[in-house]
Amino acid sequence: MNKLQRYFIDQNADEDQRFFITNKEDIHHITNVMRNSVGNEVIVTFKNKEVYTTEITQITPQEIELKLIQKLDINTELPVHVTICSGLIKSDKYEWMIQKATEMGASEFIAVEMDRSVAKLPPNKTQKKLERWQKIIKEAAEQSYRLIVPNIKFESNLNKIYDTISHYDYILLAYEDEAKRGEISLFKDTLRQFKTNDRILIIFGPEGGFSEKEIASFKDVSTNVGLGPRILRAETAPLYALSAISFEKELMG
């Protein structure tokens, strides 16, 4: 696999066009960090998930102009669309989780202030935090050869998620009481049912777990699953789930 740096452009690829990277951080990375110059090549992933080797034809402080060289046959996306909905946890742990979960194929993130969340996100800090999280996700998507940049949003309580359940084919709730009871088959049996392009919502609690009220509100629409015999930390559980889905749907084929 080529070791060229990878970047995203929010346009569809068209062989008759030239393209421009205008993101300030990308321009800085290409010119100052990687020390690229006109004639060097970078890999670009386009909005329609097409990937090309491109040649830099012009560099200015405002934009980097590219021309398409060769289309690459790359498919790095999970065959199912997985949304990781998790209770707010301490900032450094949450950032680590979204970085690693992006590498492992998550399609979308929803951060939720749940009843037992120790971490809080005041309204006046929400936008800045979302921008930081999105930057972490974008860099992880580039590093791991993803074809999309997962998006992230914030909701102030779990009821807002309940209002969106019709968007998903499966809703799983990772409930540590199921693990404590030794329940190990429901998750395995459910993910074996996933079909290509199914949309899956997996809900994870914060450090203190779900409240009884939160569990009760989803009892008619979700499958409560245990994630193996060990009790996992809030930031580890989503990675376990994504690994299991990848193993079953990609490696087992």
Side-chain angles (χ1 to χ4, degrees), residues 1-84 91-92 94-111 125-154 196-197 199 242 246 250:
M1 177 57 73
N2 207 324
K3 295 296 184 186
L4 297 176
Q5 290 294 309
R6 307 171 80 83
Y7 303 92
F8 286 91
I9 290 182
D10 193 24
Q11 286 176 267
N12 289 340
D14 180 343
E15 304 229 349
D16 298 325
Q17 266 188 276
R18 294 195 176 217
F19 292 90
F20 299 89
I21 288 177
T22 56
N23 179 288
K24 287 189 175 66
E25 288 165 355
D26 288 346
I27 293 170
H28 170 74
H29 191 263
I30 290 167
T31 55
N32 300 328
V33 179
M34 301 309 298
R35 306 265 182 202
N36 278 299
S37 55
V38 170
N40 288 162
E41 293 182 353
V42 296
I43 291 175
V44 171
T45 303
F46 289 89
K47 188 177 180 180
N48 56 355
K49 299 184 185 177
E50 291 186 352
V51 183
Y52 280 82
T53 303
T54 69
E55 181 184 322
I56 298 171
T57 55
Q58 188 176 6
I59 297 175
T60 73
Q62 289 76 39
E63 62 189 22
I64 291 175
E65 184 181 14
L66 306 167
K67 69 175 181 183
L68 306 188
I69 301 294
Q70 182 185 7
K71 186 174 181 180
L72 303 176
D73 184 20
I74 293 172
N75 182 16
T76 52
E77 292 303 307
L78 278 177
V80 291
H81 183 288
V82 182
T83 297
I84 300 293
S91 182
D92 57 332
Y94 189 73
E95 291 178 0
W96 179 84
M97 186 277 285
I98 59 174
Q99 181 192 57
K100 302 308 173 195
T102 298
E103 293 174 25
M104 298 174 94
S107 299
E108 182 182 33
F109 297 95
I110 309 172
K125 294 188 176 174
T126 301
Q127 189 55 39
K128 194 166 184 187
K129 186 66 81 173
L130 282 169
E131 287 170 4
R132 175 174 170 79
W133 288 341
Q134 196 67 66
K135 180 173 182 282
I136 290 168
I137 291 166
K138 176 178 176 287
E139 289 172 356
E142 289 168 344
Q143 183 272 325
S144 58
Y145 292 12
R146 293 289 302 274
L147 301 183
I148 62 161
V149 180
N151 67 308
I152 187 165
K153 59 186 177 182
F154 170 73
T196 300
N197 296 325
R199 300 178 67 83
L242 287 163
S246 172
E250 295 180 308

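In this chain, numbering begins with 1 at the start of the sequence shown. Values below: every heavy atom of this structure, side chains too, minus hydrogens, waters and symmetry copies.
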Do [X] and [Y] touch side chain to side chain, with heavy atoms closer than 4.5 Å?
{"X": "K129", "Y": "S91", "result": "yes"}
{"X": "V33", "Y": "Q5", "result": "no"}
{"X": "I43", "Y": "I74", "result": "no"}
{"X": "N197", "Y": "H81", "result": "no"}
{"X": "F109", "Y": "T102", "result": "yes"}
{"X": "Q11", "Y": "F20", "result": "no"}
{"X": "I56", "Y": "I30", "result": "yes"}
{"X": "K153", "Y": "E108", "result": "yes"}

Discussion item. Suppose we call two aromatic rings close when their centres sit under 6.0 Å apart. Are F46 and F19 close by that rule?
Written reply: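 Yes: the rings meet the under 6.0 Å criterion.
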
Can you check whether [Y]'s main-chain N or O pairs, donor with acceptor, with [X]'s side chain at less than 3.5 Å?
{"X": "R146", "Y": "A106", "answer": "yes"}
{"X": "N12", "Y": "N48", "answer": "yes"}
{"X": "T57", "Y": "E65", "answer": "yes"}

Item to complete: Would you check, one step at a time, whether the test side-chain contact (heavy atoms from CB on, under 4.5 Å) holds for I9 with L66?
Response: CA-CA 11 Å; I9 290 182; L66 306 167; 4.0 Å; yes

Salt-bridge contact [X]-[Y] (side-chain N to carboxylate O under 4.0 Å):
{"X": "E142", "Y": "K138", "answer": "yes"}
{"X": "K71", "Y": "E15", "answer": "no"}
{"X": "E131", "Y": "K128", "answer": "no"}

Item to complete: Provide the closest heavy-atom pair for P150 versus Q134 in the form atom of the first, atom of the second, distance.
Response: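 What the structure gives for the nearest pair is O-NE2, 2.7 Å.
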
Item to complete: Kindly give the heavy-atom pair with the smallest separation between F8 and D26, and that separation in Å.
Response: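 Minimum heavy-atom separation between F8 and D26: O-OD2, 4.4 Å.
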
Quick one: [atom1] on [X] to [atom2] on [Y], what's the gap to the nearest 0.5 Å?
{"X": "L4", "Y": "N40", "atom1": "CG", "atom2": "CG", "result": "9.0 Å"}
{"X": "T53", "Y": "E41", "atom1": "OG1", "atom2": "CD", "result": "6.0 Å"}
{"X": "L130", "Y": "N151", "atom1": "CG", "atom2": "CG", "result": "10.0 Å"}
{"X": "I136", "Y": "I152", "atom1": "CD1", "atom2": "CD1", "result": "8.5 Å"}
{"X": "E55", "Y": "Q70", "atom1": "CD", "atom2": "CD", "result": "13.0 Å"}
{"X": "S107", "Y": "E77", "atom1": "OG", "atom2": "CD", "result": "6.5 Å"}

Practice prompt. Under the side-chain contact (heavy atoms from CB on, under 4.5 Å) rule, what do L78 and L242 come out as? Steps first, then yes or no, please.
Written response: CA-CA 9 Å; L78 278 177; L242 287 163; 4.1 Å; yes

Worksheet item: Would T54 and V42 count as a side-chain contact (heavy atoms from CB on, under 4.5 Å) if you check the C-alpha gap in whole Å, the side-chain angles of each, and the deciding distance to 0.1 Å?
Response: CA-CA 5 Å; T54 69; V42 296; 3.3 Å; yes

Practice prompt. Take T22 and Q62, measure what side-chain contact (heavy atoms from CB on, under 4.5 Å) needs, and give me the verdict at the end.
Written response: CA-CA 6 Å; T22 56; Q62 289 76 39; over 6 Å; no

